[in-house]
Amino acid sequence: MDDLPTLQALVAAHKASMDRYDSSPDEEIPDDIVAEMMTTGAALCAYRPATIESVHIKAKYMMTCFVFVGGDEGDPDFTHAQLVSGFLPAGEKREA
């Protein structure tokens, strides 16, 4: 199974929302931009790659983004359980 196009679309959507977030004035980030960033981030976080190549691509991207790993300002926006569950095989149970 080749899930690379799906993963690339999810990463591209999240990158686009992050670009909008990053280009907003620091003091006035519109709620719709924050919501889009969180929605696309949640979709990427929850997506379970079907190939080891896609696992590497997903992990590499997520490790560069403060939404997933936190940053100078604090904790990541997703829990460890959410982050890890997106890398488990599809048949595994998720716990929040």
Side-chain angles (χ1 to χ4, degrees):
M1 176 179 181
D2 183 14
D3 67 335
L4 196 53
T6 301
L7 179 62
Q8 288 171 329
L10 290 168
V11 169
H14 191 258
K15 279 184 180 180
S17 69
M18 291 303 299
D19 288 344
R20 286 188 281 285
Y21 178 88
D22 290 339
S23 65
S24 297
D26 288 338
E27 64 278 350
E28 293 184 31
I29 300 172
D31 290 341
D32 63 320
I33 291 176
V34 173
E36 181 184 2
M37 178 186 70
M38 293 306 295
T39 299
T40 58
L44 180 58
C45 188
Y47 181 73
R48 293 178 172 192
T51 65
I52 196 69
E53 176 186 16
S54 293
V55 168
H56 287 278
I57 291 168
K58 177 181 175 178
K60 183 177 178 180
Y61 173 72
M62 290 175 78
M63 291 300 297
T64 66
C65 184
F66 75 89
V67 171
F68 302 110
V69 296
D72 295 336
E73 291 123 21
D75 294 327
D77 293 322
F78 298 94
T79 67
H80 289 130
Q82 289 172 303
L83 294 170
V84 170
S85 72
F87 288 98
L88 295 174
E92 297 293 321
K93 287 188 177 184
R94 293 184 188 185
E95 293 187 33

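This chain uses plain numbering: 1 for the first residue, then up along the sequence.
- Panel note: side chain Q82, backbone T79; a donor-acceptor pair is recorded below 3.5 Å.
- Residue pairs meeting the salt bridge (Lys or Arg N to Asp or Glu O under 4.0 Å) criterion with at least one partner in residues 58-71, sequence neighbours excluded, do not occur; the list is empty.
- Minimum heavy-atom separation, P49 to G86: CD-O, 3.3 Å.
- Between L44 and M62, the shortest heavy-atom contact is CD2-CG, 4.3 Å.
- Legend: salt bridge (Lys or Arg N to Asp or Glu O under 4.0 Å) pairs involving residues 8-25, not counting sequence neighbours, sorted by first then second residue: R20-E36.
- Taking both residues in full, the closest heavy atoms of M18 and C65 are given as CE-SG, 4.0 Å, listed atom of the first, atom of the second, then distance.
- Counting only heavy atoms from C-beta outward, the side chains of D3 and T51 approach each other to under 4.5 Å.
- Counting only distance, with no hydrogens or angles, the side chain of S54 and the backbone of A50 share no donor-acceptor pair below 3.5 Å.
- Pairing each heavy atom of S17 with each of I33, the nearest pair is O-CG2, 4.4 Å.
- Atom SG of residue C45 and atom CE of residue M38 lie 9.0 Å apart, to the nearest 0.5 angstrom.
- Distance CG/D77 to CZ/F68: 8.5 Å, rounded to 0.5 Å.
- Ring-centre distance between F87 and Y47: not below the 6.0 Å cut-off.
- Contact annotation: the side chain of I57 approaches that of L7 to within less than 4.5 Å [non-hydrogen atoms, C-beta and beyond].
- By the neighbour-count criterion of 12 heavy atoms within 6.0 Å, atom CG of D32 is densely surrounded, having more than that number from other residues, nucleotides or ligands.
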